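Read the structure below first, then the notes.
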Amino acid sequence: MRRLLQLGKTRQRTPSASEQPTFFTVRLYGSHSTKKRSPPPTQHGPTRGAGRRHDGGRSGVCPPQDGGLQITSMETGKNTEDHLKAHKMKKKILRKQVRAQHTLMRHEGIECISHATQSLVIANAGLGNGMSRHQLHRIVDNYGVVETLLMPPNKPYSFVQYESTEEAKKAFDALNGKEVTLEDFDQNIVLYCNFVGKVFWKNSVPTSLPPDLKVIEDIISPEEERKMLESIDWRGDENTQTAQKTLKHRRVKHFGYEFRYDNNDVDKDNPLPGGLPEICIPFLEKCLKQGYIKHKPDQLTVNQYEPGQGIPPHIDTHSAFEDEIISLSLGSEIVMDFKHPDGHTVAVMLPRRSLLVMTGESRYLWTHGITPRKYDVIQASELGQKVGTITADVRDLTLKRRETRTSFTFRKVRRSSCNCIYPSVCDSQKGQQRQAEPSFPHNEMEASELEQQYVHKVYEEIATHFSSTRHSPWPRVVEFLRSLPEGSIVADVGCGNGKYLGINRDLYMVGCDRSKNLVDICGEKDCQAFVCDALSVPIRSGSCDACISIAVIHHFSTAERRLAAIRELARLLKPGGTALIYVWAMEQEYKNQKSKYLKEKHGSKDKEEESSTGTSQRLLDDQKHDRSSQGSACSDRLLDDSEDKGCAAKPVADSRLPVHTNRTSFHSQDMLVPWHLKGGIKKKGAVVDEASLAGCKESQELSPVFHRYYHVFREGELEAACRSLDCVRILKNYYDQGNWCVVLEKL
């Protein structure tokens, strides 16, 4: 449920699709108008009231008339230079505001307004770029009574509401273009302000800890903490027989057994001399007595983190250690990030002198890590809980500078293979639980079952990660939607996360998808969508002016089912209505040009998620991981392109479906394409120390891999299928970055 902050007005209304959270557009106010201004003059002739020179040009002084001040040419030049500098600065501020306008409106949809209100949005003054709530409140408090200060997590902007419009205007005039120094970073930033009318935010629901995870506060006393920290000798000693390393992320020391980062394992036959430090024995006995652990640990890893250091997301190797893992935080508090394979994340506060206990699901399935940064986002309220999850309440978040933290992590070395219930991430069971290879379906029932297993279930599992990679609409799809008449009713069949549902706000668009989790994501964006199968859409026949089916039909497993999906689109259309269809092409190299999918074979996977402009905009991401809202599986027949009917079939010699190697040419029309579910999703613009992650074995966690069925279309195959229907005609067909595309018209 959303709460509505009415800024500058008292009337409330239902938010439109354009009023979604969190970014804002920028319309310029006051002295920073978008009107063009004439540049200051660069030549200075005689002015009215100034005398002409009578000294033959030897003097740089114009004798004043009427007793005026004397002005030298040097002074005049300096004034001109000052005017030019001021003019350039105003143009720079204007340019920055316009850039913010386009970026923030495109991403979030909170609209700024041209007249003064009680509320401002201040760019570059967010938690995401190092501004603490305390510092920002002190800045904005200089110009009036601050009623509300909203600081969204990880965003480079904040919202402030004053008691009156006059106070907000005063703050705008003073802060727009103002340079300030971030207190904790000794770095200068420039603030850019704009007025907003409304800001939406969701009620913050406290997040639960991951299953089987506990945090116990004040497990030891300050005196015990001091003694344990003093017991660790970090001085380099070549004669020491305990394993000590200095990694890029932190300093590390091992006791009992050395953990080898080159193979993520321990040498169980070569224990380190000395065992665990004596000072730890009473603490471990206490943990055993209070039931936090069942087995006495025999391995200890001590990590020391300076501010700015961290550890990549990882799961402690299943085969190396038993179920229980406990970690003691000394010296400072820290925020640790936990992540489920479906993309769900939980930030957990670990207070100083607290004990983290990981067992069961939290130990075996969730990754845990510490983001390398010099500050953490925490609750600002002193009444907030000291331990537990960080709730994303934009009214109560701030930054806390990190201090040196030392962790004592105790484990029990495993002497047998792991038989946990999470084989997809278990190194002991890797390969043992392999499913039987799917084969081409030979009847309708087999096709439906295959699509259920290798499309529907997969997209339910990967929906969150999948949606995070779907942010850039394809240009020619956008062109089609924007060409439709105002007021047209449009169905997006297979809408995925709804990235096309808000492209043209002059249309009435509704989406449908086979994946409930993807439809839920559409709802979070205030898009109209419902769950259904593309072969049976519950919309009245002849009610739509247009339909789109983007990267969906290639997931159906037989020629008959693919044709039925096209026929269902035609049923929805009014006579004269149009439909746009995109399917993945067998020909990833067409007219001597490689598709983006092949071109970025050797590029980083993160580059796949970046958007570009123009017709060459990245399409490969949706090609590689295309969402199917509908079913798909393997096909036992290929369309005969020479047949106008489009339904003739050829037998397939091998009934097993091959698994495609990503970013290579296709060698089969029907295949399984892997989806690697990421433990950490990099957002565009996020600051990541990639150099420190490169080559770090800890970051190479075992990520679940899902396989999705695809039938890639040969040239002419899609058109042949469409021509077999007597109720439509093809208006246009084309190839677009690795996809075959048609535009149909209902007859």
Side-chain angles (χ1 to χ4, degrees), residues 313 315 339-345 365 367 422-425 430-431 433-435 437-438 450-472 494-497 499 513-519 521 550-557 582-584 588 595-598 600-601 603-610 618-634 657-664 666 668 670-683 700-712 738-739:
I315 298 174
K339 190 160 198 171
H340 189 275
D342 67 3
H344 177 59
T345 60
L365 186 61
T367 66
Y422 308 101
S424 63
V425 291
K430 190 175 183 181
Q433 303 291 327
R434 186 175 300 164
Q435 292 181 329
E437 294 180 358
L450 190 56
E451 292 166 9
Q452 174 66 23
Q453 184 69 29
Y454 288 94
V455 180
H456 302 165
K457 286 186 177 179
V458 172
Y459 281 100
E460 287 300 295
E461 291 290 334
I462 69 174
T464 302
H465 181 199
F466 176 86
S467 178
S468 71
T469 67
R470 294 306 181 279
H471 46 70
S472 299
C495 62
N497 69 345
K499 71 176 181 180
D513 201 284
R514 185 63 171 74
S515 167
K516 179 182 181 300
N517 288 337
L518 287 174
V519 169
I521 293 172
I550 310 302
V552 173
I553 294 176
H554 54 214
H555 282 297
F556 286 100
S557 58
Y582 267 59
V583 294
W584 208 359
Q588 288 299 302
S595 69
K596 283 273 190 177
Y597 178 69
L598 295 183
E600 296 199 8
K601 175 180 178 181
S604 71
K605 291 185 179 180
D606 291 324
K607 289 180 79 173
E608 296 170 13
E609 310 309 335
E610 296 179 3
R618 172 195 57 75
L619 304 185
L620 62 97
D621 186 67
D622 286 88
Q623 296 165 356
K624 175 182 174 186
H625 322 290
D626 269 24
R627 94 197 154 289
S628 141
S629 43
Q630 323 319 336
S632 312
C634 11
L657 284 171
V659 177
H660 176 62
T661 301
N662 283 329
R663 308 209 163 281
T664 63
F666 297 123
S668 171
D670 298 88
M671 76 201 88
L672 298 177
V673 178
W675 177 284
H676 295 262
L677 194 65
K678 300 298 182 186
I681 303 171
K682 181 186 173 186
K683 303 284 183 64
Q700 299 176 2
E701 57 180 287
L702 296 170
S703 299
V705 179
F706 297 89
H707 292 90
R708 294 149 301 130
Y709 167 81
Y710 283 83
H711 171 85
V712 291
N739 295 276

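All residue numbers refer to positions in the sequence shown, counting from 1. Keep in mind it's a predicted model, so treat the numbers as computed, not measured.
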Arg708 to Phe706 six-membered ring, cation-pi geometry met (6.0 Å, 45°):
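No, Arg708 and Phe706 do not form such a contact.
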Inter-residue atom distance [X].[atom1] - [Y].[atom2], 0.5 Å rounding:
X      : Y      : atom1 : atom2 : result
Asn497 : Ile521 : CG    : CD1   : 6.5 Å
His340 : Thr367 : NE2   : OG1   : 10.5 Å
His471 : Lys499 : NE2   : NZ    : 8.5 Å
Asp670 : His660 : CG    : NE2   : 13.0 Å
Ile553 : Tyr582 : CD1   : OH    : 13.5 Å
Phe466 : Ser515 : CZ    : OG    : 9.0 Å

Closest approach of [X] to [Y] (non-hydrogen atoms, all atoms of both residues):
X      : Y      : answer
Val458 : Gln453 : CG2-O, 3.8 Å
Pro674 : Asn662 : O-ND2, 3.6 Å
Ser595 : Gln588 : OG-OE1, 2.6 Å
Pro438 : Leu672 : CG-CD1, 3.4 Å
Leu365 : Pro341 : CD1-CG, 3.6 Å

Is any side-chain heavy atom of [X] closer than 4.5 Å to a side-chain heavy atom of [Y]?
X      : Y      : result
Val673 : Trp675 : no
Thr464 : Asn517 : no
Phe556 : His711 : no

Test side chain to side chain contact (heavy atoms under 4.5 Å, CB included) applied to Val712 - qualifying residues, sequence neighbours left out:
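Result, side chain to side chain contact (heavy atoms under 4.5 Å, CB included) vs Val712: Trp584, Met586, Phe666, Gln669, Met671.
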Got a sec, which residues hit side chain to side chain donor-acceptor pair (under 3.5 Å) with His707, two or more places apart in sequence or on another chain?
none
Looking at residues at least two apart in the chain, or sitting in another chain, which of them share a salt bridge (Lys or Arg N to Asp or Glu O under 4.0 Å) with Lys516?
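For Lys516, the residues satisfying salt bridge (Lys or Arg N to Asp or Glu O under 4.0 Å) (neighbours in sequence not counted) are Asp520.
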